[in-house]
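A, B, ... follow the sequence lines: proteins, then strands. Residue 1 opens every chain.
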Number of protein chains: 2
Amino acid sequence: MNKLYSVTELAAELKVTPRALRFYEDKGLIVPQRAGKTRVYTHRDRGRIILILRGKRLGFSLREIAEWLDLYDQDPGQVEQMRLTLSKTRKRIKALEARQRDLEETLQELRGIETAVEDFLKSKGADAEAAE
Amino acid sequence: MNKLYSVTELAAELKVTPRALRFYEDKGLIVPQRAGKTRVYTHRDRGRIILILRGKRLGFSLREIAEWLDLYDQDPGQVEQMRLTLSKTRKRIKALEARQRDLEETLQELRGIETAVEDFLKSKGADAEAAE
DNA sequence: CAAGAATATGACGTAAAGGTAAACCAGCCG
DNA sequence: CGGCTGGTTTACCTTTACGTCATATTCTTG
């Protein structure tokens, strides 16, 4: 199961462009191996890129993503190192929980609006369906 | 309770720069009144800006935010209009729920990492605390 | 071996979201 | 009245995250 990918292959699978992958590499977020000059991506690279893309969807910059990307990929080194990892992890959890609250609030408001509008339409005897 | 604000006042309260507020206006996200040439912001403007900022924290572009901002601010007009509002609202809810799943996954992974690292430190007889 | 097809590097372009600086008014204060 | 304080444009600058060539090289396949 240790598939290897070319840029275009992996890019296609993850629905990004090869340019994007090279860009992430430029920024140090991934370091694919090379066969000669040609980039070769492993399963691990793929995993990191998926994390990057999820981070982006959540609105983080590549710089921020770079900062916590390594958390996923620690081998137990020295105790001091692990302590740092722990604190970073906790900080990141806090940040994400804050976003979660933003999201929850927004969703609640929108659900409120949804039912209000539904009720309005129902009171008009209008079907809530239709309308693109 | 109908306080009015100047750019700098409101900007300070919301922790953004006046430039940002003018920029949002430029993009049509807010339309403060004017006293002569001077911008005057109402409570309603303030509310909209808070929504904008929350949207930004969730990683949406100003263009996207602009598209759903009016949902919060509909007066029941014609039935057709409301139907459209309903469908837009539902789309937006879907999008936010998707982000919620991203967030939930990420949090779960990080919590996994957190306890793993905690256990590692515990096994080393090291205190999980300390380390900035 | 000639002719694509895929990759690489490098340079330049671009859209979004402001920051920053310049030049100009209006109101107010001592 | 002179000068600050805060406001308004206009214009250009910056950073991020790629897109888009141009050019060179390497692979592969008839």
- Query: Starting at CG of A/Leu29 and ending at C1' of D/dA17, how long is that distance when rounded to a whole Å?
  - Reply: 11 Å
- B/Arg48 NZ/CZ over B/Tyr24 ring centroid, <6.0 Å and within 45° of normal: no
- Round to a whole Å and report the spacing from CD of A/Gln33 to P of C/dT7. 17 Å
- Query: Once you round it to whole Å, what is the distance between C1' of D/dC18 and CD1 of A/Ile49?
  - Reply: 15 Å
- Query: Would you say a side-chain N or O of B/Arg19 is under 4.0 Å from OP1 or OP2 of C/dT20?
  - Reply: no
- OP1 or OP2 of C/dT7 less than 4.0 angstrom from a side-chain nitrogen or oxygen of A/Thr8, does that happen here? yes
- Item | Contact under 4.0 Å: A/Arg22 side-chain N or O vs C/dT9 OP1/OP2 | no
- Message: Can you see if the side chain of A/Arg39 gets near the phosphate of C/dA8 - specifically, an N or O under 4.0 Å from OP1 or OP2?
- Response: yes
- Message: Go nucleotide by nucleotide along DNA chain D from the 5' end; which of A/Thr38 and A/Leu21 gets its closest nucleotide reached first?
- Response: A/Leu21
- Message: With a 6.0 Å cut-off (strictly less than), is the heavy-atom count around CD of A/Gln33, excluding the residue itself, greater than 12?
- Response: no
- Message: Looking at B/Arg63, I want to see if its CZ is surrounded by more than 12 non-hydrogen atoms of other residues, nucleotides or ligands under 6.0 Å.
- Response: no
- Select from A/Val40 and B/Leu62 the residue whose nearest nucleotide in DNA chain C is closer to the 5' end of that strand. A/Val40
- Item | Interatomic distance where CZ belongs to B/Phe23 and C1' belongs to D/dC12 [whole Å] | 14 Å
- A/Thr17 side-chain N/O to D/dC18 phosphate OP1/OP2 under 4.0 Å: no
- Message: Quick check on C/dG18: is either OP1 or OP2 less than 4.0 Å from any side-chain nitrogen or oxygen of B/Lys27?
- Response: no
- Pairing of B/Arg111 and A/Glu97 as salt bridge, 4.0 angstrom limit: yes
- Item | Separation of C/dA17 C1' from A/Arg63 CZ (nearest whole Å) | 16 Å
- Message: I need the CD-C1' distance between B/Glu25 and C/dG18, as an integer number of Å.
- Response: 15 Å
- Hey, is the side chain of B/Lys56 poking within less than 4.0 Å of OP1 or OP2 on C/dG18, counting only N and O atoms? yes
- Message: How many whole angstroms separate atom CG of B/Asp26 from atom P of C/dA17?
- Response: 12 Å
- Task: Measure from CD1 on B/Ile30 to C1' on C/dG18 and round the result to the nearest Å.
- Result: 14 Å
- Message: Can you see if the side chain of A/Tyr24 gets near the phosphate of D/dA17 - specifically, an N or O under 4.0 Å from OP1 or OP2?
- Response: no
- Message: Looking at B/Asp73 and B/Arg44, is any side-chain nitrogen of the basic one under 4.0 Å from a carboxylate oxygen of the acidic one?
- Response: yes
